[in-house]
Amino acid sequence: MKPCRSDEQELLRLSQQLLDSIAAADWQTYESLCDPDLTAFEPEALGLRVTGLPFHRFYFELAAAPGAVNSTMIEPRVQMLSADAAVITYVRLTQRQEDSGPVSRRCEETRVWQRRDGRWWHVHFHRSANS
Ligand code: GLY
């Protein structure tokens, strides 16, 4: 399949859906977007590469009753690596209400998507510590 402009739009839509599922602690949606062998580097993993979904599920279960959270991808860029592979990079800006009032945080994210069996799967990500 040849990459096209609509692939980029679809990957932006799926990435926003992924962030919204994290914000809403919506495990069903998150799992549906991820390869079961998803690999990740993120601050929670203390510099280790984690493979698979159980590590991530733990946090969804902790956040079972999330408050309002708004996640925005700042200047997202989709780079098609081939017809069936893409990297999306952006700064993730998260706004939420905490006891002390509204709080904003930012981090840098790189997410890799692969098209298999006619659909996109999230296969790897790397997230910075909050900066
Ligand atoms: N910690 C889950 C994710 O950022 O995809």
Side-chain angles (χ1 to χ4, degrees):
M1 197 178 281
K2 288 181 68 169
C4 61
R5 185 100 190 117
S6 64
D7 284 330
E8 294 185 12
Q9 294 304 316
E10 176 67 355
L11 286 161
L12 288 171
R13 188 188 70 75
L14 291 172
S15 297
Q16 185 65 54
Q17 189 181 12
L18 188 86
L19 297 189
D20 291 344
S21 74
I22 295 167
D26 174 359
W27 177 252
Q28 199 175 359
T29 298
Y30 185 83
E31 184 180 33
S32 75
L33 295 168
C34 294
D35 185 297
D37 292 324
L38 172 75
T39 50
F41 287 110
E42 61 178 342
E44 295 89 327
L46 305 178
L48 302 171
R49 185 190 62 232
V50 291
T51 302
L53 298 181
F55 182 88
H56 307 290
R57 185 173 190 152
F58 174 80
Y59 294 100
F60 280 74
E61 289 173 354
L62 280 184
V69 180
N70 190 40
S71 302
T72 307
M73 291 185 287
I74 307 295
E75 293 185 10
R77 179 172 186 219
V78 178
Q79 294 165 271
M80 298 303 298
L81 304 179
S82 73
D84 296 317
V87 171
I88 177 166
T89 51
Y90 51 88
V91 171
R92 175 173 161 189
L93 184 63
T94 307
Q95 303 157 267
R96 72 174 74 232
Q97 179 70 14
E98 295 188 351
D99 290 344
S100 58
V103 172
S104 294
R105 295 205 167 83
R106 58 166 283 179
C107 57
E108 299 83 30
E109 290 192 346
T110 299
R111 293 189 183 263
V112 181
W113 293 83
Q114 181 185 35
R115 181 161 37 207
R116 289 198 318 266
D117 305 324
R119 56 153 289 189
W120 289 101
W121 296 91
H122 182 35
V123 296
H124 177 77
F125 73 91
H126 196 141
R127 187 173 70 248
S128 70
N130 286 331
S131 53

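Small disclaimer: the values here were computed from a predicted structure and weren't measured.
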Q: Using atom types as modelled and distance alone, determine if a side-chain donor or acceptor of Ser15 lies under 3.5 Å from a backbone N or O of Leu12.
A: no
Q. Glu108 pairs by salt bridge (Lys or Arg N to Asp or Glu O under 4.0 Å) with which of Arg106, Arg111, Arg105?
A. Arg106
Q) What closest approach, in Å, do Gln95 and Ser104 show between heavy atoms, and which atom pair accounts for it? A) CG-OG, 3.8 Å
Exercise answer: donor-acceptor pairs, residues 36-45 side-chain atoms, under 3.5 Å, sequence neighbours excluded:
residue : atom : partner : partner atom : Å
Thr39   : OG1  : Val123  : O            : 3.4
Thr39   : OG1  : His124  : ND1          : 2.7
Glu42   : OE1  : Arg127  : NH1          : 2.9
Glu42   : OE1  : Arg127  : NH2          : 2.7
Glu42   : OE2  : His56   : ND1          : 3.3
Glu44   : OE1  : Arg127  : NH2          : 2.9
Glu44   : OE2  : Arg127  : NH2          : 2.9

Q) Honestly curious: do Met73 and Val112 fall in one hydrophobic cluster under the side-chain, below-4.5 Å linking rule? A) no
Q | Trace of the side chain to side chain contact (heavy atoms under 4.5 Å, CB included) decision for Arg13 with Gln17 | A | CA-CA 6 Å; Arg13 188 188 70 75; Gln17 189 181 12; 3.7 Å; yes
Q: Give the minimum heavy-atom separation between Met80 and Ala83, together with the two atoms involved.
A: CE-O, 4.0 Å
Q.
Please determine whether residues Tyr59 and Val50 belong to a single hydrophobic cluster, defined as Ile, Leu, Val, Met, Phe, Trp and Tyr linked transitively by side-chain heavy-atom distances below 4.5 Å.
A. yes
Q | Donor on one side chain, acceptor on other, Tyr30 and Arg57, under 3.5 Å | A | no
Q.
Through direct or indirect side-chain contacts below 4.5 angstrom among Ile, Leu, Val, Met, Phe, Trp and Tyr, which residues connect to Ile74?
A. Val91, Leu93
Q: Return the minimal non-hydrogen interatomic distance between Ser32 and Thr29, and the atom names on each side.
A: OG-O, 2.7 Å
Q) Among Asp7, Asp35, Val87, Leu14, which one satisfies side chain to side chain contact (heavy atoms under 4.5 Å, CB included) with Trp113? A) Leu14
Q) Within a reach of under 6.0 Å around CZ of Arg119, are more than 12 heavy atoms found that belong to other residues, nucleotides or ligands? A) yes
Q. Roughly how far, to the nearest 0.5 Å, is CG of Leu81 from CD of Gln114?
A. 10.5 Å
Q. Is the number of heavy atoms from other residues, nucleotides or ligands under 6.0 Å of Arg49 CZ greater than 12?
A. no
Q) Around atom CD of Gln28, are there more than 12 heavy atoms of other residues, nucleotides or ligands at under 6.0 Å? A) no
Q) Should side-chain heavy atoms under 4.5 Å link Ile, Leu, Val, Met, Phe, Trp and Tyr, which residues sit in the same cluster as Leu48? A) none
Q: Return the minimal non-hydrogen interatomic distance between Ser71 and Ala23, and the atom names on each side.
A: OG-CB, 3.9 Å
Q. Is there a path of hydrophobic side-chain contacts, each under 4.5 Å between heavy atoms of I, L, V, M, F, W or Y residues, that connects Leu53 with Ile22?
A. yes
**Q.** Atom pair CZ/CD of Arg92 and Gln16 - distance to nearest 0.5 Å
**A.** 10.0 Å
Q: Check whether Trp120 and Leu33 end up in the same hydrophobic cluster, where Ile, Leu, Val, Met, Phe, Trp and Tyr are linked by side-chain heavy atoms less than 4.5 Å apart.
A: yes
Q. So, are Arg115 and Glu10 salt-bridged, with charged N and O less than 4.0 Å apart?
A. no
